[in-house]
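Right, one structure below, let's go through it.
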Number of protein chains: 2
Amino acid sequence: MGFWKSWFSGSEAAAATKTTPVEEHTTESVDGSSQSGTSITFSSDRDLDLYELEELCDAVGWARRPLRKVKKAIQHSFLVVSMWEVRGTQRRLIGFARATSDHAFNATIWDVVVHPSFQGKGLGKALMQYTIKKLRAEDISNITLFADPHVLDFYRGMGFIADPEGIKGMFWYPN
Amino acid sequence: MGFWKSWFSGSEAAAATKTTPVEEHTTESVDGSSQSGTSITFSSDRDLDLYELEELCDAVGWARRPLRKVKKAIQHSFLVVSMWEVRGTQRRLIGFARATSDHAFNATIWDVVVHPSFQGKGLGKALMQYTIKKLRAEDISNITLFADPHVLDFYRGMGFIADPEGIKGMFWYPN
């Protein structure tokens, strides 16, 4: 079992007991057991460097969006999750996700991204599990998202179901 | 062209010029040209009688939800739309819809309901057009929803597309 796997198991164990409100700034860190001296941390602090976030989104080839609107979207998201690689005193943003919500029943997850250099290590799954854990801790029962075709299996592996009982995701386009 | 149709054309005409912020309480009324003396109005005021809303949801057979949570969901929705039948000094809640949003890019419409006695008259379409107009006025470009199988064609007729480019709506269920 490699570093990420062992780290990931720790995260799952933590998920069962953590009930910190989403509004609080929480950082969860798990020290790596490898010799590399790095660790991965998660945070729900929404005070992010927008340029660093833009750099992350650039790395996966997303179209750029006005930072003014990105700032507003982050302010008005119910939950903002960031994932960091920590090396000594330095940290680097390597993942991100956020969710809109009515704070009562429904949440919709948007903008899930993991830096290409950190993909294929189970970190996308860890990011999503942290996000789901936070939403569940807020008593949100209906967690939804819209998935591109190439990530359907990834989300299926996380417990997401496409079109349950024939319910379809729809997007409005001007006629 | 019947009453609802002629009323509806008026609503469409208004849609092009109205840019009232969502946060404001706005009521739009169009007098009926029929002899019945009734009119239909729309409002984005979120100060609703929750028992009246529950009665409306009961009428379409929805499972009851704790009013405390319904209140919280309404407070934290980006947009709340109600539709009323007005007869003289009395008004009756006959339709409802709400949307969550990040106030910048995305909105998701939930809880769309029209009282059974008022279905089949074009009022569901009018309710949705009012809702879309309000979201567009707030510069929301990505309007989404999750549609049950029996209302897919209704939403298609409104300009909604299911699974565009293979994007799938997904719901999380505990493994």
Side-chain angles (χ1 to χ4, degrees), chain A residues 65-66 68-78 80 98-111 128-129 131-132 135-136 139-152 154-175, chain B residues 65-66 68-78 80 98-111 128-129 131-132 135-136 139-152 154-175:
Chain A
R65 299 182 290 188
R68 170 189 58 81
K69 287 196 83 172
V70 172
K71 185 180 178 184
K72 192 176 180 186
I74 286 175
Q75 278 172 343
H76 294 282
S77 290
F78 177 59
V80 175
R98 65 186 177 89
T100 49
S101 176
D102 57 17
H103 301 209
F105 301 108
N106 309 307
T108 311
I109 298 170
W110 305 96
D111 297 352
M128 285 301 295
Q129 287 200 325
T131 304
I132 291 167
L135 294 173
R136 295 287 289 171
D139 200 24
I140 301 296
S141 54
N142 190 35
I143 301 176
T144 61
L145 53 78
F146 296 95
D148 284 325
H150 68 282
V151 288
L152 277 173
F154 166 73
Y155 287 117
R156 282 194 184 107
M158 299 285 312
F160 283 87
I161 297 178
D163 305 344
E165 299 176 49
I167 298 169
K168 284 275 187 189
M170 300 187 92
F171 291 71
W172 182 80
Y173 293 93
N175 279 315
Chain B
R65 300 184 288 190
R68 171 189 58 79
K69 288 195 81 174
V70 172
K71 184 180 178 183
K72 193 176 181 188
I74 286 176
Q75 278 172 344
H76 293 283
S77 289
F78 176 59
V80 175
R98 63 186 179 90
T100 49
S101 176
D102 57 18
H103 300 209
F105 301 108
N106 309 308
T108 310
I109 299 170
W110 305 96
D111 296 351
M128 286 300 296
Q129 288 200 323
T131 303
I132 291 168
L135 294 174
R136 295 288 290 171
D139 201 24
I140 301 297
S141 53
N142 190 35
I143 302 175
T144 61
L145 53 77
F146 297 94
D148 284 322
H150 67 283
V151 288
L152 278 172
F154 166 73
Y155 287 118
R156 282 193 184 108
M158 299 286 312
F160 282 87
I161 296 177
D163 305 344
E165 297 175 48
I167 298 169
K168 283 277 189 190
M170 299 188 92
F171 290 71
W172 182 80
Y173 294 92
N175 278 316

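Note on naming: letters A, B, ... go to the chains in the order of the sequence lines (proteins, then strands), and numbering restarts at 1 for each one.
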**Study point:** Options B/Leu145, B/Leu152, B/Asp139, ranked by heavy-atom pairs under 4.5 Å with chain A, top entry
**Key:** B/Leu145

Review point. How many angstroms lie between OG in A/Ser141 and CZ in B/Phe171, if you round to the nearest 0.5 Å?
Key: 11.0 Å

Revision key, fill the gap. Checked A/Ala73, A/Ala107, A/Ala99 vs chain B; the most non-hydrogen pairs under 4.5 Å come from A/Ala73

Only pairs under 3.5 Å count here: list side-chain donor-acceptor contacts from residues 160-168 of chain A, not counting sequence neighbours, and write none if there are none.
| unit_1 | atom_1 | unit_2 | atom_2 | d |
| --- | --- | --- | --- | --- |
| A/Asp163 | OD2 | A/Lys168 | NZ | 3.1 |
| A/Asp163 | OD2 | B/Lys168 | NZ | 2.6 |
| A/Lys168 | NZ | B/Asp163 | OD2 | 2.6 |

Exercise for review: Measure the spacing between CZ of A/Phe78 and CG of B/Asp102 and express it to the nearest 0.5 Å.
Suggested key: 14.5 Å

Practice item. Quick one: which of A/Lys71, A/Arg65, A/Arg68, A/Met170 has the most heavy-atom pairs under 4.5 Å with chain B, could you say? Key: A/Met170

Review point. Is there a donor-acceptor pair under 3.5 Å between the side chain of A/Trp172 and the backbone N or O of B/Met158?
Key: yes

Check your understanding: Going through the checks in order, is the side chain to side chain contact (heavy atoms under 4.5 Å, CB included) test met by A/Ile143 and B/Tyr173?
Key -> CA-CA 8 Å; A/Ile143 301 176; B/Tyr173 294 92; over 6 Å; no

**Study point:** Any donor-acceptor N/O pair, A/Lys69 side chain to B/Ala104 backbone, under 3.5 Å
**Key:** yes

Exercise for review: Could you look at A/Ile109 and say if it's the side chain, the backbone, both or neither that has a heavy atom under 4.5 Å from chain B?
Suggested key: neither

Point to revise | pair B/Asp111-A/Phe105: side-chain heavy atoms closer than 4.5 Å | key: no

Practice item. Pick one of side chain, backbone, both or neither for A/Val151, based on which atoms fall under 4.5 Å of a heavy atom in chain B. Key: neither

**Study point:** A/Phe146 ring center near B/Phe146 ring center (under 6.0 Å)
**Key:** yes

Exercise for review: With a 4.5 angstrom heavy-atom cut-off, could you sort out which part of B/Arg136 is near chain A: side chain, backbone, both or neither?
Suggested key: side chain

Check your understanding: Considering only heavy atoms, which portion of A/Arg98 lies under 4.5 Å from any heavy atom of chain B: side chain, backbone, both, or neither?
Key -> side chain

Review point. Does A/Thr108 have any side chain to side chain donor-acceptor pair (under 3.5 Å) partners at least two apart in sequence or in another chain, and if so, which?
Key: A/Thr144

Check your understanding: At what distance, to the nearest 0.5 angstrom, does OG of B/Ser77 lie from CG of A/Asn106?
Key -> 8.5 Å

Check your understanding: Going from CD on A/Gln75 to NE2 on B/His103, what distance comes out if it is rounded to the nearest 0.5 angstrom?
Key -> 10.0 Å

